[in-house]
Amino acid sequence: MKITLYALFLSVVLFGCGGPSEKTFKARAFAVSDDFNVFPKSTKDILTIVKTDSGKIASADRFAINFKDTTITIDDAPNTETKKFKLASFINTQKTAVLVQSANGKDKMDPFYIIYVNGGNTEVVSLNKPSKGAEDKKYTNGLEELTRSNLLVNNDFFITTINSRVYPIKRQKEEERIQGKFFMYSGDKTTLAFLTANGLYQVNTKTGETFNLPLPASLTSQPETLVGNVQRDYTWVPNEHGTSFLKKNADDDRIVDIKEFKH
């Protein structure tokens, strides 16, 4: 009898000393009202990034996200469930919100999510929008760090880590992500300009206003001088709402402050 009780006690102890548990969370669509600048109620109500695999190069490393002693698995059907990520980065200093990219695939188009803790509860938000763009593979660059605090995700979302805000980027065509490459943004970093086949598609992340600026072939055919020529011949001009868009200079002799274009 004593041996049986001892064996039972030992099994309970070993079970209690096991590794972290796992919990699956269903990903939901991003909502404009989402606020990721969450402050924890307790010092324990934070997320932890754990390296699970080390590769020969940094891009081969893999990570898991834990909330306390629970490893988070994301269910985003029809995408494969995932608990390992090839990218994991906090988007706030409180460590209650982390941007991750699934490691199930092998390219830049693998799904992105934000995992965050709000009031002690964990939620998963999908940053993935379907697209039928013919040039998606060419222009889908995954995560682009425009600056240390400004991130661009798949031409669809603009993230500012200073205040943990996520802004959806209005597409030229709703059914396809912007078929262009990020080119520059306005001095206040709210209007993004994308170089497309026909010119510069500009969209303000805060207001959703857009403006398409055609560029002459004489400019676009010389990519090595394109930035300098745009800086010389175009200016950020505020519209009636105060939103700045690049427009052709009325006076080609105008002296442009180079700081208007730096990012």
Side-chain angles (χ1 to χ4, degrees), residues 19-20 22-25 27 30 36 46-117 122 124-131 133 135-162 164 166 169 177-185 189 192 194-195 223-224 227 262-263:
E22 296 181 7
K23 187 174 181 180
T24 300
F25 293 86
F30 170 81
F36 302 110
I46 62 172
L47 297 167
T48 306
I49 299 174
V50 180
K51 183 186 287 189
T52 60
D53 305 273
S54 295
K56 293 183 179 180
I57 56 176
S59 60
D61 293 344
R62 296 294 179 261
F63 305 90
I65 307 300
N66 288 357
F67 177 55
K68 298 180 180 179
D69 62 347
T70 300
T71 298
I72 295 168
T73 298
I74 297 177
D75 174 14
D76 186 29
N79 294 313
T80 306
E81 280 194 1
T82 182
K83 64 178 179 180
K84 284 191 177 183
F85 308 98
K86 56 186 168 187
L87 181 150
S89 178
F90 288 110
I91 60 170
N92 64 9
T93 56
Q94 305 93 281
K95 296 185 177 181
T96 57
V98 60
L99 174 70
V100 297
Q101 184 180 22
S102 168
N104 287 334
K106 296 182 179 180
D107 60 37
K108 296 178 290 185
M109 298 178 70
D110 294 327
F112 280 87
Y113 306 93
I114 291 178
I115 302 170
Y116 78 112
V117 180
T122 304
V124 177
V125 172
S126 171
L127 295 186
N128 308 297
K129 295 177 63 177
S131 174
E135 301 279 2
D136 277 352
K137 287 190 175 181
K138 178 179 179 180
Y139 294 116
T140 301
N141 292 317
L143 178 68
E144 297 180 72
E145 295 186 3
L146 307 185
T147 68
R148 293 181 64 181
S149 58
N150 293 290
L151 312 175
L152 180 64
V153 176
N154 286 341
N155 282 2
D156 272 330
F157 294 92
F158 182 64
I159 302 174
T160 58
T161 59
I162 291 178
S164 309
V166 178
I169 300 173
R177 63 175 51 96
I178 298 169
Q179 304 291 284
K181 180 177 176 58
F182 172 78
F183 187 70
M184 62 177 58
Y185 47 36
K189 298 181 176 62
L192 308 184
F194 295 86
L195 181 63
E224 66 279 0
V227 173
K262 284 187 176 181
H263 67 273

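If you read the sequence from its start, that first residue is 1, and numbering goes on from there.
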Under the side chain to side chain contact (heavy atoms under 4.5 Å, CB included) criterion, do Val227 and Phe183 qualify, and how do the steps go? CA-CA 8 Å; Val227 173; Phe183 187 70; 3.8 Å; yes
Decide side chain to side chain contact (heavy atoms under 4.5 Å, CB included) for Val98 and Phe63; before the verdict, give the C-alpha distance in whole Å, the side-chain angles of both, and the deciding distance to 0.1 Å. CA-CA 12 Å; Val98 60; Phe63 305 90; over 6 Å; no
Between Ala88 and Ile65 the two heavy atoms that sit nearest each other are CB-CD1, 4.0 Å
Between Phe112 and Asn128, which heavy-atom pair has the shortest distance, and what is it? N-OD1, 2.8 Å
Between atom CG of Leu146 and atom CZ of Phe182, what is the distance when rounded to the nearest 0.5 Å? 4.5 Å
In Å and rounded to the nearest 0.5 Å, what is the CG to CG distance from Asn155 to Asn141? 7.0 Å
Could you report the tightest heavy-atom contact between Asp61 and Ser54, atom names first, then the distance? OD1-CA, 3.3 Å
Please test Asp136 against Arg177 for side chain to side chain contact (heavy atoms under 4.5 Å, CB included), starting from the C-alpha separation and ending with a verdict. CA-CA 7 Å; Asp136 277 352; Arg177 63 175 51 96; 3.3 Å; yes
Hydrogens and angles aside, do Thr160 and Asn150 bring a side-chain donor and acceptor to less than 3.5 Å of each other? no
When rounded to the nearest 0.5 angstrom, what distance separates CD1 in Ile178 from CD1 in Ile169? 5.5 Å
Nearest non-hydrogen partners of Ala64 and Thr52, listed with the distance: CB-CG2, 3.6 Å
Knowing that exactly one of Ile114, Asp156, Leu127 qualifies, which makes a side-chain contact (heavy atoms from CB on, under 4.5 Å) with Phe30? Leu127
Measuring from Phe36:CZ to Leu99:CG, what's the distance to the nearest 0.5 Å? 10.0 Å
Spell out, as yes or no, whether a donor-acceptor pair under 3.5 Å connects the side chain of Gln94 to the backbone of Ile46. no
I'd like to know if the side chain of Thr80 pairs up with that of Asn104 as donor and acceptor (distance under 3.5 Å, no hydrogens or angles considered). no
Can you tell me how far apart CG (Leu143) and CG (Leu152) are? Round to the nearest 0.5 Å. 8.0 Å
Output, in order, the C-alpha distance, side-chain angles, deciding distance and verdict of side chain to side chain contact (heavy atoms under 4.5 Å, CB included) for Tyr185 and Leu192. CA-CA 4 Å; Tyr185 47 36; Leu192 308 184; 3.6 Å; yes
Nearest heavy-atom pair of Gly55 and Ala60: which atoms, and what distance? CA-CB, 3.6 Å
Indicate yes or no for a side-chain donor-acceptor contact from Ser164 to the backbone of Ile91 under 3.5 Å, with no hydrogens or angles considered. yes
With a 4.5 Å cut-off on side-chain heavy atoms, are Ile72 and Leu47 touching? yes
Short side-chain donor-acceptor distance under 3.5 Å, Tyr113 and Asp76: yes
Look at the side chain of Asp75 and the backbone N and O of Glu81, then say whether any donor-acceptor pair between them is shorter than 3.5 Å. no
Can you tell me if CD on Glu144 sees more than 12 non-hydrogen neighbours from other groups inside 6.0 Å? yes
Looking at Ile162, is its backbone amide N or carbonyl O close enough to the side chain of Ser149 to form a donor-acceptor pair, meaning the two atoms are under 3.5 Å apart? no
Donor-acceptor pair, Asp53 side chain versus Arg62 backbone, under 3.5 Å? no
Nearest 0.5 angstrom please: Thr24 OG1 to Ile74 CD1, how far? 10.0 Å
Above 12 or not: heavy atoms from other molecules or residues under 6.0 Å from NZ of Lys129? yes
Test item: Gln101 side-chain N/O and Asp110 main-chain N/O as donor-acceptor pair under 3.5 Å: yes
Looking at every heavy atom in both Lys86 and Ser102, which two are closest together, and how far apart are they? CE-O, 3.3 Å
